[in-house]
Undergrad: 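Okay, handing you the structure first.
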Amino acid sequence: MSEKPKTKTEKPKAKAVPKAKAKPKAKAVSKAKVEPNSKVEPKAKAEKQKISIENIVASTTLAEKLDLNQVALALDGAEYEPEQFPGLVYRLKEERTAILLFRSEKANCTGAKTIESVKKTIKTVSKKLEMAGLSVIKDPIITVQNIVAVYDLKNDLNLNAIAITLGLERVEYEPEQFPGLVYRVADPKVVMLLFGSGKVVCTGAKKVDDIETGVETLKKELRAAGLLH
DNA sequence: CTACTATAAAAGGTTG
DNA sequence: CAACCTTTTATAGTAG
């Protein structure tokens with residue numbers, strides 16, 4: 001596993017299919033991080049609110065069968081290029097989420113920071129499809145597949161020392177390739193990306209509890225090794 | 001500034 | 001069979 005056979009050194013991004021200017025990234029998110037979760041959790045109260053969920057990927061069963069060409073017409077702004085990817089991409093600007101619809105019946109929602117946002121995204125799309133005359137499933141079961149969160153250890157980290165101390169089985173650190181140290185937690189099967197700043201990105205979790213447990217496990221090991229105040 | 005490097009995960013279609 | 005395509009997101013390096 002040390003060497004990755006994937007070698008995505010070159011991105012086939014600009015290949016055959018011109019993506020019509022692709023990502024309209026810049027826009028409205030300008031002040032995003034300046035505002036600390038003002039409405040996210042009115043009751044959580046600052047306190048131990050260190051873990052910040054950044055992205056939730058969830059899957060569901062939206063409809064029985066979808067004719068994506070028809071859906072593309074019903075959802076304004078939808079992107080559907082079957083030669084590039086079998087799923088139709090639809091973005092909800094108000095939720096800042098994206099949903100991928102497949103002809104089978106499955107759908108994936110990405111970009112949400114709360115489960116409520118995932119539900120709203122699915123409900124909104126479901127309603128649009130229904131209004132377009134398509135049959136949709138009423139209360140689809142939503143499964144969270146992955147949660148990405150950030151945690152700040154508030155303590156600079158010596159990644160080289162951590163790489164040596166925590167062992168080769170759990171750690172991958174190639175600063176010339178990527179500045180973050182990859183730490184794989186066994187129990188809650190999650191992956192932590194550690195940075196010299198003390199910021200930690202946790203991904204691979206199916207539930208928030210996995211992130212909390214994973215973070216605690218990490219802190220415990222770092223403290224045991226004297227690498228965290 | 002943008003875009004790439006790395007991480008996880010689902011979907012389904014294609015290619016090797 | 002595996003690996004890639006696409007979407008999202010934080011993190012932080014480098015290159016252009």
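Just so it is clear: chains get the letters A, B, ... in the order the sequence lines come, proteins before strands, and each one is counted from 1.
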Undergrad: Consider only side-chain N and O atoms of A:E172 and A:Y183, and report whether a donor and an acceptor are under 3.5 Å apart.
TA: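 Not at all, the side chains of A:E172 and A:Y183 share no donor-acceptor pair under 3.5 Å.
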Undergrad: Quick one: A:Q84 CD to B:dG12 P, roughly how many Å, whole number?
TA: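 It works out to 18 Å between those atoms.
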Undergrad: Answer with yes or no whether A:T203 presents, from its side chain, a donor or acceptor under 3.5 Å of a partner atom in the base of B:dA8.
TA: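 Answer is yes: a donor-acceptor pair is held.
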Undergrad: Judged by each residue's nearest nucleotide on DNA chain B, which is more toward the 5′ side, A:P179 or A:P82?
TA: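 Per heavy-atom nearest nucleotide, the more 5' residue is A:P179.
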Undergrad: With a 4.0 Å cutoff (strictly under), does any side-chain N or O of A:S104 reach OP1 or OP2 of B:dG12?
TA: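 A:S104 to B:dG12 OP1/OP2: side-chain N or O found under 4.0 Å.
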Undergrad: Measure from CD on A:Q145 to P on C:dT6 and round the result to the nearest Å.
TA: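 After rounding, the gap between these two atoms is 21 Å.
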Undergrad: How about A:D209: does its CG atom have over 12 heavy atoms from other parts shown lying under 6.0 Å from it?
TA: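 Counting other residues, nucleotides and ligands, CG of A:D209 exceeds 12 neighbours.
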Undergrad: What's the closest nucleotide to the side chain of A:F102 if the choices are B:dA11, C:dT11, C:dT9?
TA: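 The listed nucleotide nearest to A:F102's side chain is B:dA11.
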Undergrad: Classify A:V150 by what it touches in the nucleic acid, base, sugar-phosphate, or nothing, heavy-atom distance under 4.0 Å.
TA: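 Counting heavy atoms under 4.0 Å across all strands, the contact made by A:V150 is with sugar-phosphate only.
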Undergrad: May I have the distance from A:N146 (atom CG) to C:dA10 (atom C1'), rounded to whole angstrom?
TA: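 Going from CG in A:N146 over to C1' in C:dA10 covers 12 Å.
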Undergrad: If you compare all heavy atoms of A:M192 against all heavy atoms of A:C202, which two are closest, and at what distance to 0.1 Å?
TA: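 The pair with the smallest heavy-atom distance is SD-CB, 3.6 Å.
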Undergrad: Nearest whole angstrom, please: distance from the C1' of B:dG13 to the CG of A:L68.
TA: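 After rounding, the reported distance stands at 12 Å.
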Undergrad: Separation of A:I142 atom CD1 from B:dA9 atom C1', in whole Å?
TA: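 So the CD1-C1' distance, A:I142 to B:dA9, works out to 16 Å.
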Undergrad: Roughly, in whole Å, what's the span from CD in A:E105 to P in B:dG13?
TA: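 Between P of B:dG13 and CD of A:E105: 11 Å.
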Undergrad: Between A:N55 (CG) and C:dA10 (C1'), how many Å, whole number?
TA: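 Going from CG in A:N55 over to C1' in C:dA10 covers 8 Å.
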Undergrad: Heavy atoms only: give me the nearest A:E95-A:K120 pair and the separation to one decimal.
TA: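 Taking every non-hydrogen atom into account, OE2-CD, 2.9 Å.
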Undergrad: With heavy atoms under 4.0 Å as the rule, sort A:V57 into base, sugar-phosphate or nothing.
TA: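 The residue A:V57 makes base contact.
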Undergrad: Does the side chain of A:R103 get closer than 4.0 angstrom to OP1 or OP2 of B:dA11 through an N or O atom?
TA: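 So the side chain of A:R103 is outside the cut-off, no N or O lying under 4.0 Å from OP1 or OP2 of B:dA11.
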Undergrad: Is A:F85 stacked against the base of C:dT6, taking the criterion as centroid distance under 5.5 angstrom and interplanar angle under 30°?
TA: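 According to the criterion (under 5.5 Å, under 30°), yes, A:F85 stacks.
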Undergrad: State which of B:dG12, C:dT11, C:dT7 makes the closest approach to the side chain of A:L193.
TA: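 Given the options B:dG12, C:dT11, C:dT7, the side chain of A:L193 is closest to C:dT11.
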Undergrad: Does a side-chain N or O of A:R96 approach OP1 or OP2 of C:dT9 to a distance below 4.0 Å, or not?
TA: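 It does not, given that no N or O in the side chain of A:R96 lies less than 4.0 Å from OP1 or OP2 of C:dT9.
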Undergrad: Within the distance-only criterion (no hydrogens, no angle test), does the side chain of A:T60 pair as donor or acceptor with the backbone N or O of A:I141 below 3.5 angstrom?
TA: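 Side chain of A:T60 to backbone of A:I141, a donor-acceptor pair under 3.5 Å: yes, one is there.
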Undergrad: Between A:K206 (NZ) and B:dA9 (P), how many Å, whole number?
TA: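 To the nearest whole Å, that distance equals 6 Å.
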Undergrad: Nearest to the side chain of A:K106, heavy atoms from C-beta on, is which of B:dG12, C:dT6, C:dT9?
TA: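 When the side chain of A:K106 is considered, B:dG12 is the closest of B:dG12, C:dT6, C:dT9.
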Undergrad: Could you please name the option among B:dA8, C:dC5, C:dT7 that lies closest to any side-chain atom of A:R91?
TA: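 From the listed options, C:dT7 comes nearest.
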Undergrad: Which of the following nucleotides, B:dA10, B:dT7, C:dT9, is nearest to the side chain of A:V148?
TA: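 The closest nucleotide is C:dT9.
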Undergrad: May I ask you to say what A:T97 touches in the nucleic acid, namely base, sugar-phosphate or nothing, with a heavy-atom cut-off under 4.0 Å?
TA: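 The residue A:T97 makes no contact with any strand.
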Undergrad: When you match A:E54 and A:G198 each to their closest nucleotide on DNA chain C, which lands nearer the 5' end?
TA: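 It is A:E54, whose closest nucleotide lies nearer the 5' terminus.
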Undergrad: Would you say A:K189 places a side-chain N or O within less than 4.0 Å of OP1 or OP2 belonging to B:dA8?
TA: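 No, A:K189 has no side-chain N/O under 4.0 Å of OP1/OP2 on B:dA8.
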Undergrad: With salt bridge (charged side-chain N to carboxylate O under 4.0 Å, His left out) as the test, would you mind laying out the steps for A:E130 and A:K138 before giving the verdict?
TA: CA-CA 10 Å; A:E130 191 170 24; A:K138 286 315 181 185; 2.5 Å; yes
Undergrad: Check whether any side-chain nitrogen or oxygen of A:S59 sits under 4.0 Å from OP1 or OP2 of B:dA9, and answer yes or no.
TA: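 A:S59 to B:dA9 OP1/OP2: no side-chain N or O under 4.0 Å.
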